[in-house]
A.B. asks: 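Mind looking over this structure? Questions follow.
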Amino acid sequence: MNSPVMIEDTVRLKPAAIAGDRLAILQKTIQRNRYLPVPPSEENFVGDGDFLAIGTEFLGYFVELGGLNEHERVLDIGCGIGRMAVPLTQYLDPDRGHYTGIDPASPGIQWCTRQIGSIYPNFRFMHLDIANDLYNPDGYIKGTEIKLPFANGSFDYAIMTSVVTHLPPTEIEPYFHEVSRLLDKGGRLFLSAFIMNTDTQPGSEKLTPRIRFQRAGAGPAWYGNAQAPLAAVAFDDGFLDRALNAAGFEIALKKLGHWRGQTGSQHYQDMFVAVKTSRGRR
């Protein structure tokens, strides 16, 4: 985990009980387990690459960067077709740990319920009809009015991998406020994103990013594809930080990914770990 750190720890994260060599052994065991459910390629809509390898890689980030423990209650927002869930079935304690995945794409939820939830009773999946121009354009629930059907403080750990990368800027604070409501105090939000800093803006000669983002109007959003704006969304550096702070989070960790051509980074997108410290401000 040698990727560049943009912000030093401002709140101390407690390390997970399983880490280091024990975690590495678990990851290898998961990747070699041919009995774990993997969706057929024609049903997998969450991106390219090896389904199980990518999910197992992120399990390492959840534990080593975000301090996820086996006994915690996990909310996976935008769970897709279970790429993060499958490795977590081998990590979360079946009696004490709990996982809830939500997504606006019904086919993924149906597959996860059949292939994962039916085998692991501490894993459940819910389809929520949240509007999204890319994945669910006719959804009933507006992203700016997001309310999830869970009680305050229901979770210890929230995951938003490749979620804000498909959201317009007007929906960022509503999502963060709702996640803050759902997390118990001290709960963590693990977030991946594309952050536009001076190295990634057009005209920079320092790095060669894999995605060429163009600013959308006055900002703070940048789009990788003007014809499909929500296919890949980046934000001005500092925009997500301020939205997290307004929702009652403190940023514990912020790391750059190698999508921008950054050397020394093991992960593709930029990553945040934010800790809920208060109820936030409206």
A.B. asks: Between H71 (side chain) and R96 (backbone), is there a donor-acceptor pair under 3.5 Å?
C.D. replies: no

A.B. asks: When you compare the side chain of V179 with that of M160, does any pair of heavy atoms fall below 4.5 Å?
C.D. replies: yes

A.B. asks: Suppose we screen for salt bridge (Lys or Arg N to Asp or Glu O under 4.0 Å). Which residues come up paired with R181, at least two apart in sequence or across chains?
C.D. replies: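 Testing R181 for salt bridge (Lys or Arg N to Asp or Glu O under 4.0 Å), a comparison that skips the adjacent residues, returns E178.
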
A.B. asks: Does the side-chain contact (heavy atoms from CB on, under 4.5 Å) test come out yes or no for T165 and S162, once each step is laid out?
C.D. replies: CA-CA 5 Å; T165 56; S162 296; 3.9 Å; yes

A.B. asks: State, with a plain yes or no, whether a side-chain heavy atom of R73 is found less than 4.5 Å away from one of F150.
C.D. replies: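 No, their side chains stay 4.5 Å or more apart.
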
A.B. asks: Taking the six-membered ring for Trp and the single ring otherwise, decide whether the centroids of F125 and Y99 are under 6.0 Å apart.
C.D. replies: yes

A.B. asks: Could you tell me if the side chain of V86 sits less than 4.5 Å from the side chain of V38, heavy atoms only?
C.D. replies: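 When only atoms from C-beta onward are counted, V86 and V38 do not touch, as no gap falls below 4.5 Å.
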
A.B. asks: Do V273 and L189 touch side chain to side chain, with heavy atoms closer than 4.5 Å?
C.D. replies: no

A.B. asks: Aromatic rings F239 and F235: how do their planes relate, parallel, tilted or perpendicular, breaks at 30° and 60°?
C.D. replies: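 Rings of F239 and F235: parallel, under 30°.
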
A.B. asks: Between Y91 (side chain) and L68 (backbone), is there a donor-acceptor pair under 3.5 Å?
C.D. replies: yes

A.B. asks: For N132 and L167: C-alpha separation, side-chain torsions, deciding distance, then whether side-chain contact (heavy atoms from CB on, under 4.5 Å) applies.
C.D. replies: CA-CA 8 Å; N132 181 275; L167 294 179; 4.0 Å; yes

A.B. asks: May I ask you to decide if V74's main-chain N or O and D156's side chain share a donor-acceptor pair within less than 3.5 Å?
C.D. replies: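 Flag not set: sc D156 to bb V74 has no pair under 3.5 Å.
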
A.B. asks: Taking the side chain as everything from C-beta on, heavy atoms only, tell me whether I251 gets closer than 4.5 Å to D241.
C.D. replies: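 Yes; the side chains approach each other to less than 4.5 Å.
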
A.B. asks: Are the side chain of Q27 and the backbone of T56 linked by a donor-acceptor contact shorter than 3.5 Å?
C.D. replies: yes

A.B. asks: Salt bridge check, R260 against D270: does any charged N sit closer than 4.0 Å to a carboxylate O?
C.D. replies: yes

A.B. asks: So, Q90 and Y120: side-chain donor and acceptor under 3.5 Å apart, yes or no?
C.D. replies: yes

A.B. asks: Between F194 and W259, is the gap from one ring center to the other below 6.0 Å?
C.D. replies: yes

A.B. asks: State whether the side chain of E72 and the backbone N or O of N69 hold a donor-acceptor pair below 3.5 Å, judged by distance alone.
C.D. replies: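 Such a contact is found between E72 side chain and N69 backbone.
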
A.B. asks: Just wondering, do F176 and L240 contact through their side chains at under 4.5 Å, heavy atoms?
C.D. replies: yes

A.B. asks: Same hydrophobic cluster for L13 and L23, using side-chain heavy-atom links shorter than 4.5 Å among ILVMFWY?
C.D. replies: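 Yes, L13 and L23 fall within the same hydrophobic cluster.
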
A.B. asks: Working note: D50 + R83, criterion salt bridge (charged side-chain N to carboxylate O under 4.0 Å, His left out); need CA distance, chi angles, decisive distance, verdict.
C.D. replies: CA-CA 10 Å; D50 187 301; R83 187 161 62 177; over 6 Å; no

A.B. asks: Suppose we screen for ring pair (Phe, Tyr, Trp, His ring centres under 6.0 Å). Which residues come up paired with Y175, at least two apart in sequence or across chains?
C.D. replies: none

A.B. asks: A side-chain contact here means heavy atoms from C-beta on lying under 4.5 Å apart; do P37 and T89 qualify?
C.D. replies: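 A side-chain contact under 4.5 Å is absent here.
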
A.B. asks: Could you pull out all residues at least two apart from H98 that satisfy ring pair (Phe, Tyr, Trp, His ring centres under 6.0 Å)?
C.D. replies: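 For H98, no residue satisfies ring pair (Phe, Tyr, Trp, His ring centres under 6.0 Å) once neighbours in sequence are set aside.
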
A.B. asks: Does the side chain of I146 reach to within under 4.5 Å of the side chain of I130, using non-hydrogen atoms?
C.D. replies: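 When only atoms from C-beta onward are counted, I130 and I146 do touch, with a gap below 4.5 Å.
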
